[in-house]
Amino acid sequence: MKKIKIGIIGAGRIGKLHAENIVNNFKNVEIKAIADVYADKIMDWARSIGIVNVYSDHRDIINDPEIDAVLICSSTNTHAQFTIEAAKAGKHIFCEKPIDFDVNRIKEALEAVEKAGVKFQVGFNRRFDHNFRKVYEMVRRGKIGLPHIIKVTSRDPQAPPIDYVKVSGGMFLDMTIHDFDMVRYLSGSEVEEVFVYAGVLVDPAIGEAGDVDTAVISLKLKNGAFAVIDNSRKAVYGYDQRVEVFGSKGSITVSNDTDSSAVLSCEEGVISEKPKYFFLERYKDSFVEELKDFFEAIEKDIEPPVTGIDGLKPVLIGLAAKKSLEEKRPVKISEIEA
């Protein structure tokens with residue numbers, strides 16, 4: 001089978017993770033090149049995993065006729081533009097979330113993808129987590145009947161740096177966006193209305209930067225079900241990632257992954273492991289699985305499992321959540337789409 005030749009744009013934390021995962025897990029994929037504005041700083045790392053071509057200009061990848069697909073792992077403000085450029089060059093595209101903070105810009109990128117007829121997948125890796133995928137499968141098989149309530153708990157172990165907060169697009173578009181996608185994924189329905197309570201309880205500097213760090217978000221779904229998401233930027237016990245889907249015939253819950261299932265029972269109490277520390281540890285395998293499906297979509301000429309529409313919808317919900325917080329009222333997604 002002919003190898004898929006790819007280029008990676010952006011060699012920060014997620015770009016390096018994808019590169020190392022490809023080298024270690026996909027013998028049918030060759031990383032021909034990687035581009036980063038700090039190319040000189042990643043040269044040794046790139047050579048250590050066998051990447052020969054390291055560029056400072058992403059266009060060296062876009063314009064390479066041998067490259068079949070690109071992974072866009074650069075800063076969010078470049079995602080839409082690089083998607084448009086890659087699509088026009090006939091490259092298949094894997095783009096990290098979000099595609100953009102601006103709805104019109106996202107639609108422009110998706111139009112370029114559709115016009116070019118290339119594959120496009122968005123990096124909502126949590127769909128590929130072994131626990132959440134099992135919940136999805138059981139809901140689809142009708143094991144809990146019709147979904148009535150979906151609960152998502154997502155709490156980080158520590159707040160991000162303030163410099164990051166300032167350019168992140170805000171918690172709803174940076175952190176909660178994964179949870180909005182999870183609600184859509186598990187429910188099989190679209191969100192109709194959003195209401196938010198949120199504040200600054202973790203770090204005053206986050207508030208000074210114009211963001212919140214703690215939130216409870218209520219969602220009304222088009223299928224009649226309801227969802228509740230609770231977020232915190234700091235859970236002192238680790239990365240808290242739990243889900244429940246309650247329905248007419250029962251419920252399914254997912255608890256936190258831990259390094260082991262050992263439980264110590266002694267005079268001091270019953271003691272178990274803390275949750276895995278953060279997303280790189282908790283979702284390690286899901287990053288491999290999402291790329292597996294992307295490469296399979298290219299090889300078999302099928303639609304990727306997480307499409308451009310799946311990239312657009314959570315941004316609409318995130319913008320509605322922002323509006324709800326600002327205006328202290330429920331906001332319909334149709335208000336954002338208008």
Give every donor-acceptor pair under 3.5 Å between a side-chain atom in residues 245-253 and any protein atom, sequence neighbours left out.
residue	atom	partner	partner atom	Å
Ser248	OG	Leu146	N	2.9

Please list every donor-acceptor pair under 3.5 Å in which a side-chain atom of residues 137-145 meets a protein atom from a residue at least two apart or in another chain.
residue	atom	partner	partner atom	Å
Arg140	NH1	Leu186	O	3.4
Arg140	NH2	Tyr185	O	2.8

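Judged by distance alone, the side chains of Thr153 and Asp230 do bring a donor and an acceptor atom under 3.5 Å apart. Tyr164 and Asp174 are linked by a side-chain donor-acceptor pair at a separation below 3.5 angstrom, with hydrogens and angles left out of the test. Looking only at atom types and distance, the side chain of Glu299 has a donor-acceptor partner in the side chain of Asn28 under 3.5 Å away.
Applying the salt bridge (charged side-chain N to carboxylate O under 4.0 Å, His left out) test to pairs two or more places apart or on separate chains, those with a residue in residues 253-263 are Asp257-Arg282. Residue pairs satisfying the side chain to side chain donor-acceptor pair (under 3.5 Å) criterion with at least one member in residues 261-274, sequence neighbours excluded, are listed as follows: Ser260-Glu273. Residue pairs meeting the side chain to side chain donor-acceptor pair (under 3.5 Å) criterion with at least one member in residues 94-107, sequence neighbours excluded: His18-Glu96, Gln81-Arg105, Arg105-Glu108. Applying the salt bridge (charged side-chain N to carboxylate O under 4.0 Å, His left out) test to pairs two or more places apart or on separate chains, none has a residue in residues 78-92. Legend: salt bridge (charged side-chain N to carboxylate O under 4.0 Å, His left out) pairs involving residues 196-222, not counting sequence neighbours, sorted by first then second residue: Glu192-Lys220. A side chain to side chain donor-acceptor pair (under 3.5 Å) check over residues 39-49, counting only residues at least two apart or in different chains, returns the pairs Glu20-Trp45. Screening residues 312-323 for salt bridge (charged side-chain N to carboxylate O under 4.0 Å, His left out) gives Lys313-Glu337, Lys323-Glu327 as the qualifying pairs, with residues at least two apart or on separate chains.
Partners of Phe128 under the ring-ring contact (aromatic ring centres under 6.0 Å, His included) rule, at least two apart in sequence or in another chain, do not exist in this structure. Annotation: ring-ring contact (aromatic ring centres under 6.0 Å, His included) contacts of Phe120 (sequence neighbours excluded): none. Contacts of Phe82 classified as ring-ring contact (aromatic ring centres under 6.0 Å, His included), with partners at least two apart in sequence or in another chain: His58.
At a threshold of 4.0 Å, the pair Arg127-Asp310 counts as salt-bridged, since one of the basic side-chain nitrogens sits closer than that to a carboxylate oxygen. Of the charged side-chain nitrogens involved, none lies within less than 4.0 Å of a carboxylate oxygen, so that Asp68 and Lys5 do not count as a salt-bridged pair.
Checked against a 6.0 Å centroid threshold, the rings of Tyr239 and Tyr277 do not count as neighbours.
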